[in-house]
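A short worksheet on the structure shown next.
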Amino acid sequence: MNRLERLFADSRGTGRKALVVYVCAGDPDLAATERLVPQLAEAGADVVELGVPFSDPLADGPTIQAAAQRALQSGTTLSAVLAMVRQLRQGGCSVPLVLFGYMNPIVRMGLAPFVTQAAEAGADGVLVADLPLEESHTLGELAQASGLSLVLLAAPTTPPGRLRAIGQATRGFLYFVSVTGVTGTRAELPADLPAKLREARAASSAPVAVGFGVSTPEQARALAAHADAVVVGSALVEALHRGGRDASEGLSLVRSLAAAVHAAR
Amino acid sequence: MTPAETVHGRFGPYGGRYVPETLIPALEELEKAWAEARVDRGFLDAVVTDLRDFGGRPTPLMLAERLTAKFGGAEVWLKREDLLHTGAHKLNNTVGQVRLALRMGKSRIIAETGAGQHGVATAATCARFGLPCEVFMGAEDVRRQSPNVQRMRLFGATIRAVETGSRTLKDAMNEAIRAWVTHVRDTFYVIGSVAGPHPYPTLVRELQRVIGEEARAQCLQRFDALPDAVVACVGGGSNALGVFTAFLPDTAVRLVAVEAGGEGLATGKHGASLSAGRFGVLHGSASSVLQTDDGQVAEAHSVSAGLDYPGVGPELAYLRDVGRLDVRTATDDEALEAFQECCALEGILPALETSHALARARDVARELGTGKRVLVNLSGRGDKDLGHALAEIARRRPGATT
């Protein structure tokens, strides 16, 4: 059982909800990300998703696209992200880490070498935005064999039968995409989202995390009541970018999000 | 990554459906709608009628006598897709897809475009059928292809100039996919090439194969034989597969795919995904992709916006691997030279994309020798390129200051 699975196994017993935060690795550079991750955990993040920058992030909105561009400009590669994960683990950081990326850099490295190196470095999960269920079997089996969780996504457009299939195949958690759209903050989330989340939890053998569009503690608190975890990405990426080298605004956002999510039942 | 991993949409290791989950149900819906439509006589007849009355099919097959004489080898025959309505082969596909969208009850069309030809064809088709149309186009291409932008606007389309990345076709396609993810329930995405997630590579090929089927029959009628070689330019590959597909079983017919050599393969500034790409995943399918060692998609380069693309249709990557394609490149300079040559000798202004095919057709004609025949898919006309091409030609003149 990796750190991710242990976290959710523990919180299933207590009913405690988890805060998952996304940061783009290498924005503005990998040294900054390496300093940031333990601070995120300390501020209350239960899981950190490390975005692996890609040149053509077609599931991402403008905020994360721009972050990925900054990360690529600072020379960030998949190998360098894995090396940073190794450093974090050697430094004693124990927060569950999920690599969030796109298929092409993984294909270039090779699926088996990627999985082996990610597991050895100390990652717990992998989430690939352009890898739907049908294409996921090879990577899923390799990940499983290395103790990595391949996290699958479900969307509001996913029909019930397919939702069950995804819910059974996913590992670690099921990432439920709250909106039909790309990543980015939304003032309002769909009214039928609680019902969708109920369906997702019934269909999934793994805990359900809801993400895309969530930016405020109020949204996070409301959604946490209907899911096992809430993911916040673009709002944090934006806050960190505004701060430049000063992460305090981002960390204070994480603290308020954590308080909101952890108070929910 | 094995061919057996998905039942449909694989060409060897290529193809598949690498898109966000949100789009999967829409792709399944499209696949099902197409499977029904393609065996529906009424639908097929309607497309054929549209392509005749609106499009101008069949397009002629023409012997290019002066190019033949200049090349000094095989006879050069031109399949005149430049005469299709809106000036390129693209309309074959947009008529079929927009009719399919209507059949599926979709109320809105989006498309990506590079050279603007697919955008113009989509916009014209949407105007004819009364559907709102939004076209995503790289800001750099908006600049290079302004006549097409004006035409799309006249046809009532909204142009979204894409400012991200290299601001060309690749980025336009990213943005179109993002828009589709956001409006997937009511929107039909008309992809212009044999690329993208399954079923698009197959769907677009099936809608474009009319080029080769018509040309094959015309060859048999005109000279009672098949051509010895068929030459087409390849960006994403829709005109190439369109003309090649009918000849695939004719193994004696050499199929020559000409990619954008840009400033030369050695410079890294080109669009030659089949010649220099590596296995990868771009825009929803696995194919041969121009990319860096750590898997970032490279920026392509070509004087022609339509070939300025770092990917290629998965079926073409497969046909390359099994040895069915003779893959070559033509540089910017060679394409510009062929562009002028075709104008001066045949009175035909070819698209810059097509000019790449013409540049290598010369070599193929010489290799084959007299008594043989080479069929060139004259995929589009070059009116859209006039300003850009003349500036590029002027820049290359001895003594030009740039």
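As the structure is a computational prediction, the values presented were derived from the model and not from experiment. Values reported hereafter were calculated over all heavy atoms of this structure, with side chains retained and with hydrogens, waters and symmetry mates removed. Convention: sequence-line order gives letters A, B, ...; per-chain numbering from 1.
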Legend entry - Heavy-atom proximity to chain B below 4.5 Å, by part of Ser79(A): neither

Legend entry - Student check: side-chain heavy atoms of Arg178(B) and Pro62(A) closer than 4.5 Å: no

Inset, instruction - Answer yes or no: are there more than 12 heavy-atom neighbours, outside Asp192(A) itself, under 6.0 Å from its atom CG? - result: yes

Inset, instruction - Give me the one residue out of Asp60(A), Val177(A), Val182(A), Leu58(A) that meets side chain to side chain contact (heavy atoms under 4.5 Å, CB included) with Pro20(B). - result: Leu58(A)

Legend entry - Which atom of Arg17(B) lies closest to which atom of Glu135(A), heavy atoms considered: N-OE2, 2.7 Å

Legend entry - Option that, when pairs with chain A are counted at under 4.5 Å, heavy atom only, ranks first among Arg278(B), Glu175(B), Glu28(B): Arg278(B)

Inset, instruction - Of all the heavy-atom pairs spanning Gly295(B) and Phe54(A), show the shortest one and how long it is. - result: O-CE1, 3.4 Å

Inset, instruction - With rounding to the nearest 0.5 Å, note down the distance linking CD in Glu21(B) to CZ in Phe176(A). - result: 9.5 Å

Legend entry - Interchain contact, Val297(B) with chain A, by part (heavy-atom threshold 4.5 Å): both

Legend entry - Nearest heavy atoms of Thr22(B) and Ala155(A), plus distance in Å: OG1-CB, 3.4 Å

Legend entry - Glu134(A) side chain near His198(B) side chain, heavy-atom distance below 4.5 Å: no

Legend entry - Glu299(B) portion near chain A, given a 4.5 angstrom heavy-atom threshold: neither

Legend entry - Least distance between heavy atoms, Thr182(B) atom then Gly181(A) atom: OG1-CA, 3.7 Å

Legend entry - Arg108(A) versus Phe279(B), closest heavy-atom pair with distance: NH2-O, 4.1 Å

Inset, instruction - Find the distance between CG (Asn174(B)) and OG (Ser55(A)) and round it off to the nearest 0.5 Å. - result: 8.0 Å

Legend entry - CG on Leu153(A) to CD1 on Ile24(B), rounded to 0.5 Å: 11.0 Å

Inset, instruction - Pick one of side chain, backbone, both or neither for Thr164(B), based on which atoms fall under 4.5 Å of a heavy atom in chain A. - result: side chain

Legend entry - Gln69(A), part contacting chain B, at a heavy-atom distance under 4.5 Å: neither

Legend entry - Separation between NE2 of His283(B) and CG of Asn104(A), rounded to the nearest 0.5 Å: 11.0 Å

Legend entry - Max heavy-atom pair count under 4.5 Å with chain B, selected residue of Ala80(A), Ala66(A), Pro57(A): Pro57(A)

Inset, instruction - Say whether, by atom type as modelled, one donor and one acceptor occur between the side chain of Gln296(B) and the main chain of Pro53(A) under 3.5 angstrom. - result: yes

Inset, instruction - Look at atom CZ of Arg70(A) and say whether more than 12 heavy atoms of other residues, nucleotides or ligands are closer to it than 6.0 Å. - result: yes

Inset, instruction - Among the options Ile106(A), Leu78(A), Leu72(A), Val179(A), pick out the one with the most heavy-atom pairs lying under 4.5 Å from chain B. - result: Leu72(A)

